[in-house]
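Hydrogens, waters and symmetry mates play no part in the numbers below; they use all other heavy atoms, side chains included.
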Amino acid sequence: MPSSEITIRIANLKDINLIHSFIAKKAEFDGFIQPLQLPLEQLQKTLFTDSPLAEVLLAEVNQTAVGFALIYPTFSSFLAQATLWIDDLFVLPDMRHQGVGTALIEEIAEIAKLRNYGRIEWTVATRNTLAINFYRKQGAEILDNLRLCRVVV
């Protein structure tokens with residue numbers, strides 16, 4: 001654990017460049033080889049409108065952002081209840097293994113409880129064994145019988 005306290009806050013419009021930077025770092029970490037084509041205007045229209053499609057949590061140590069999570073509600077017909085999807089969760093490499101990821105997961109769980117969501121879901125790359133082990137320690141069940149499907153439109 002870092003000597004300073006980890007704080008989690010909901011990002012605001014002033015954080016748009018920081019969010020963009022974190023998304024680019026996450027894309028690089030995930031092996032996304034193409035240049036990231038993410039205009040700030042599009043990110044702003046998605047996150048900071050009257051009806052945002054998602055929200056971003058920032059993890060800070062000493063008032064410096066060291067990680068982020070991008071979340072949004074989904075729905076489970078099996079539960080007949082809203083669920084919470086984690087689209088991105090990323091911690092800067094030099095801040096890993098210091099409780100930042102755990103703090104983000106715990107805050108996401110609190111949000112899900114407060115909003116009466118039935119569960120939290122996300123994906124993890126099968127090659128990312130460190131993340132898989134971390135998520136298991138957080139109580140996540142890793143489902144081997146499902147595959148992500150994607151159609152680009």
Side-chain angles (χ1 to χ4, degrees), residues 1-40 42-49 52-74 76 81-144 146-148 150:
M1 183 94 164
S3 58
S4 298
E5 185 177 322
I6 300 165
T7 58
I8 309 294
R9 67 176 177 85
I10 295 176
N12 60 55
L13 182 56
K14 293 177 186 174
D15 299 310
I16 194 83
N17 288 315
L18 177 61
I19 295 166
H20 189 275
S21 170
F22 271 127
I23 292 172
K25 288 176 174 135
K26 171 76 166 62
E28 181 182 341
F29 176 81
D30 286 347
F32 188 75
I33 26 180
Q34 302 167 351
L36 187 63
Q37 301 290 325
L38 178 59
L40 285 174
Q42 180 65 30
L43 197 57
Q44 181 176 336
K45 284 188 335 189
T46 312
L47 299 175
F48 301 109
T49 64
L53 298 177
E55 60 190 303
V56 173
L57 303 175
L58 293 173
E60 297 178 331
V61 173
N62 296 328
Q63 299 178 337
T64 300
V66 297
F68 88 113
L70 189 144
I71 59 175
Y72 54 88
T74 59
S76 168
Q81 190 174 16
T83 62
L84 192 57
W85 183 263
I86 303 173
D87 200 58
D88 292 318
L89 192 145
F90 179 80
V91 176
L92 294 174
D94 61 336
M95 292 303 295
R96 293 180 187 154
H97 310 288
Q98 298 185 51
V100 176
T102 299
L104 281 164
I105 293 284
E106 288 173 351
E107 183 66 21
I108 292 167
E110 279 302 309
I111 289 169
K113 287 177 192 172
L114 287 171
R115 296 177 186 176
N116 196 33
Y117 291 162
R119 63 182 172 217
I120 303 166
E121 295 182 304
W122 64 95
T123 60
V124 61
T126 55
R127 66 172 168 69
N128 193 345
T129 55
L130 290 175
I132 290 169
N133 292 333
F134 167 74
Y135 293 140
R136 282 192 173 122
K137 286 179 186 173
Q138 304 305 310
E141 176 186 0
I142 309 297
L143 305 176
D144 292 327
L146 298 175
R147 295 287 185 255
L148 175 68
R150 177 178 291 156

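The distance from the CD atom of Glu141 to the CD atom of Glu121 is 10.0 Å, given to the nearest 0.5 Å. In this structure, CD1 in Ile111 is found 4.0 Å from CD1 in Ile71, a value given to the nearest 0.5 Å. Note that OG1 of Thr7 is 10.0 Å distant from CD of Glu107, once rounded to the nearest 0.5 Å. Distance check: Thr83 OG1 to Tyr72 OH gives 9.5 Å after rounding to the nearest 0.5 Å. The CG atom of Leu148 sits 11.5 Å away from the OG1 atom of Thr126 when rounded to the nearest 0.5 Å. Separation of atoms CG (Leu43) and NZ (Lys45) is listed at 11.5 Å; rounding is to 0.5 Å.
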Can I get a per-line list of side-chain donor-acceptor pairs under 3.5 Å for residues 14-25, giving both atom names and the distance, sequence neighbours left out?
| from | atom 1 | to | atom 2 | distance (Å) |
| --- | --- | --- | --- | --- |
| Asp15 | OD1 | Arg9 | NH2 | 2.9 |
| Asp15 | OD2 | Arg9 | NH1 | 2.8 |
| Asp15 | OD2 | Arg9 | NH2 | 3.4 |
| Asp15 | OD2 | Asn12 | N | 2.9 |
| His20 | NE2 | Leu38 | O | 2.7 |
| Ser21 | OG | Lys25 | NZ | 3.3 |

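Gln138 contributes no side-chain N or O that, together with a main-chain N or O of Glu106, makes up a donor-acceptor pair within less than 3.5 Å.
Around atom CD of Gln81, more than 12 heavy atoms belonging to other residues, nucleotides or ligands sit under 6.0 Å away.
The two residues Phe29 and Arg127 come nearest to each other via the heavy atoms O-NH2, 3.9 Å. Nearest heavy atoms, Val91 versus Gly101: CG2-N, 3.9 Å. A pairwise comparison of heavy atoms in Pro73 and Leu84 identifies N-CD1, 4.1 Å as the closest pair. Counting all heavy atoms, side chain and backbone alike, Ala54 lies closest to Leu70 at CB-CD2, 3.7 Å. The nearest pair of heavy atoms linking Ala131 to Val124 is CB-CG2, 3.8 Å. Scanning all heavy atoms of the two residues, the minimum distance from Leu36 to Ala27 falls at CD1-CB, 4.4 Å.
Contact annotation: the side chain of Ile105 approaches that of Ile86 to within less than 4.5 Å [non-hydrogen atoms, C-beta and beyond]. A heavy-atom distance below 4.5 Å is found between the side chains of Trp85 and Thr123. Between Thr102 and Phe134 there is a side-chain heavy-atom pair separated by less than 4.5 Å. Put simply, the side chain of Ile10 reaches to within 4.5 Å of the side chain of Leu57, judged on heavy atoms.
With sequence neighbours excluded, the residues that form a ring-ring contact (aromatic ring centres under 6.0 Å, His included) with Tyr135 are Trp122.
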